[in-house]
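Per chain, numbering begins at 1; letters A, B, ... match sequence-line order.
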Amino acid sequence: MAKGLPKRSEDFSAWYNELVGKADLAEHSGVKGCMVVKPYGYAIWENMKAILDQKFKETGHQNAYFPIFVPKSLFEAEEKNAEGFAKECAIVTHYRLKNDPDKKGKLMVDPDAKLQEELIVRPTSEAIIWSTYKKWIQSYRDLPLLINQWANVVRWEMRTRLFLRTTEFLWQEGHTAHATKSEALEETEKMMHVYADFAEDYMAMPVIKGLKSESERFAGAEDTYCIEALMQDGKALQAGTSHFLGQNFAKAFDVKFADSEGKQKYVWASSWGVSTRLIGGLIMTHSDDLGLVLPPKLAPIHVAIVPIYKGDEQLAKISEVANKLKADMQAKGIIVKYDDDDKRKPGWKFAEYEMKGVPVRIAIGPRDLENGTVEVARRDTLEKESLQQVDLAIKVEHLLEQIQINLLDRAKAYREEFTNVAATWNEFTELLDGKGGFVQAHWDGTEETEQKIKEETKATIRCIPFDQKEETGSCIYSGKPSKGMALFAKAY
RNA sequence: CGGGGUGUGGCCCAGUCCGGUCAAGGCGCCUGGUUUGGGACCAGGAGAUCGCAGGUUCGAAUCCUGCCACCCCGACCA
């Protein structure tokens, strides 16, 4: 692994790009905008997935799987949804290749194999799923229908960045159907909280919960709830969304049920999703100029043990101690890698595990053998201390908990420092041009104002936070009356 | 879609302006040895039709034409 990263302070974007590569998380593939998620990066996703999946099941959802292709006629059924995604769709038009008569050894699309109806590669699955729900739902007894899907989707974006915005990405999408509006709203809200809890409890990434403005709302939704996180460069990241879909899809796909009185009614819906983008958020929340910093609850490896030795005999003695400590830690559910690879020197390994964000590193050398100690280094603070081998597993267990807490505290403190209230337009622009971060300000609630602010400052309304005191004021831009504050930021 | 850039062993890249032992260097890999408390060192070795297709020329990584791909910056977006 090559050494050294660009500094965050000098070029955040280059720092991020190189970190993703050097920490062995992902790389560009030969396909435009599409990434290869490498084993170490995928292990993080698997951890996220396992926890989220458990949370979905605890909240009553079941997993299912729907096709990657959506026939155009289904896709266009819900007009707003179709319109919103139309300009970023991959479309399958043919189903066969043939040998090119003009170019030996080359293939060409067989013009005779044109599909009667084009297939859209799903950018999201509402259409295909609601066309299926029509068959599944007849009675109020079939409701609520609570389904989640783990899948890949394709959105043909102009510009991509590893994890943050790739043409193909992995995600989960929940699609639920309910008998009443209030149930659907409750579900929408519940899943936003599930996401927020996951972000804080596992990713150690504090988020702001709120409502999207109309222009930022999901195409086809009545309301979009979201969680917004703040990255170390002062830009916001939309980390998850939960949509209240009203009866839009039920009407578009004619999904009705008979209520207990036998009356036919349209069902109410929600959909919600998070993606591999969370990994980008994880990176940009905690990592430093030495590399990745991972919260223990998501780290593929909790502890790396590095032996420091001269000769096979000494290595054998160290290995004996290391393996015993490893077994003790594993018994507590700690994931330990004992790295006795003789081809790498300790210094190389130290740098490598720092780059990969392993929360705790333990070094064991001849001095430690004599003293019954080990050297314990924590990734978050880079502090090192010598600890007695006795009860090490318990100490490491506590240390991992402390690291998890510290990362969240640190991220919260950062966010607090970079969340400011602007009372005047001057303050507003100065904050956005200067330190960046979230800026709370009164907004008149109109799309025109939102658009003008975006044009002049590049900042968008990330959300109207739920957690704010009722307070009237006047719009930062137009001076018109405002019923509350919106949260602005430049965003990814 | 605009602007910029890049394409040379597995990876990073020199060389391209000015055509001629130019296919260099570093990392990695293989062999052997010495090393090991913050990215070791020595010796030897393997590995490239220089993105693709044409063209100019005695001769092309280098010049010309066309094409393709990817990256970065913007607009758009999770």
For [N], which nucleotide in any strand shown is its Watson-Crick or wobble partner with both distances under 3.5 Å?
N       : value
rC67(B) : rG51(B)
rA75(B) : none
rU21(B) : none
rU31(B) : rA43(B)
rU16(B) : none
rU36(B) : none
rC11(B) : rG26(B)

Between atom [atom1] in [X] and atom [atom2] in [N], what is the gap in whole Å?
X       : N       : atom1 : atom2 : result
W348(A) : rC27(B) : CH2   : C1'   : 12 Å
L5(A)   : rG39(B) : CG    : P     : 17 Å
F350(A) : rU36(B) : CZ    : P     : 14 Å
Y353(A) : rG38(B) : OH    : C1'   : 15 Å
R155(A) : rC76(B) : CZ    : C1'   : 13 Å

Does any N or O donor sit under 3.5 Å from an N or O acceptor when you compare the side chain of K345(A) with the base of rG37(B)? no
Pair L230(A)-Y414(A), side chain to side chain contact (heavy atoms under 4.5 Å, CB included): steps then yes or no: CA-CA 9 Å; L230(A) 188 60; Y414(A) 171 83; 3.9 Å; yes
For E216(A) and R367(A), take the nucleotide of RNA chain B holding the closest heavy atom to each; which residue's nucleotide lies nearer the 5' end? R367(A)
Could you say whether A351(A) or R161(A) is positioned toward the 5' end of RNA chain B, judged by the nucleotide with the nearest heavy atom to each?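 So the residue in question is A351(A).
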Taking the [atom1] atom in each of [N] and [M], what is the distance between them to the nearest angstrom?
N       : M       : atom1 : value
rC27(B) : rG44(B) : P     : 15 Å
rA23(B) : rG4(B)  : C1'   : 29 Å
rC52(B) : rA69(B) : P     : 15 Å
rU6(B)  : rG15(B) : P     : 11 Å
rG19(B) : rG5(B)  : P     : 23 Å
rU8(B)  : rG25(B) : C1'   : 13 Å
rC64(B) : rG7(B)  : P     : 16 Å
rU49(B) : rG9(B)  : C1'   : 12 Å

Base, sugar-phosphate, or nothing: which does [X] touch, judged by heavy atoms less than 4.0 Å apart?
X       : value
Q238(A) : sugar-phosphate
T167(A) : nothing
K454(A) : sugar-phosphate
P366(A) : base
K384(A) : base
L164(A) : base
T124(A) : nothing
F169(A) : base
G240(A) : nothing
S275(A) : base

Heavy-atom pair of closest approach, residues T457(A) and K490(A): O-CE, 3.4 Å
Cationic tip of K235(A) above Y492(A) ring, under 6.0 Å, 45° of axis: yes
Report yes or no: is the cationic atom of K297(A) (NZ for Lys, CZ for Arg) under 6.0 Å from the centre of the six-membered ring of Y202(A), at an angle within 45° of the ring normal?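 Yes; both conditions hold, so K297(A) lies above the ring face of Y202(A).
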Does OP1 or OP2 of rC71(B) have a side-chain N or O of H28(A) closer than 4.0 Å?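 For rC71(B), OP1 or OP2 has a side-chain N or O of H28(A) closer than 4.0 Å.
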Can you tell me if the side-chain N/O atoms of K310(A) get under 4.0 Å from OP1 or OP2 in rU36(B)? yes
To the nearest 0.5 Å, atom NZ of K454(A) lies from atom CD1 of I461(A) at 10.5 Å
Contact check, side chains of R155(A) and T124(A), non-hydrogen atoms, under 4.5 Å: yes
For this output row, return yes or no: ring centroids of F163(A) and F169(A) closer than 6.0 angstrom. no
Does the pair Y42(A) and N47(A) meet the rule for a side-chain hydrogen bond (donor to acceptor under 3.5 Å, both in side chains), with working shown? CA-CA 9 Å; Y42(A) 198 77; N47(A) 286 344; over 6 Å; no
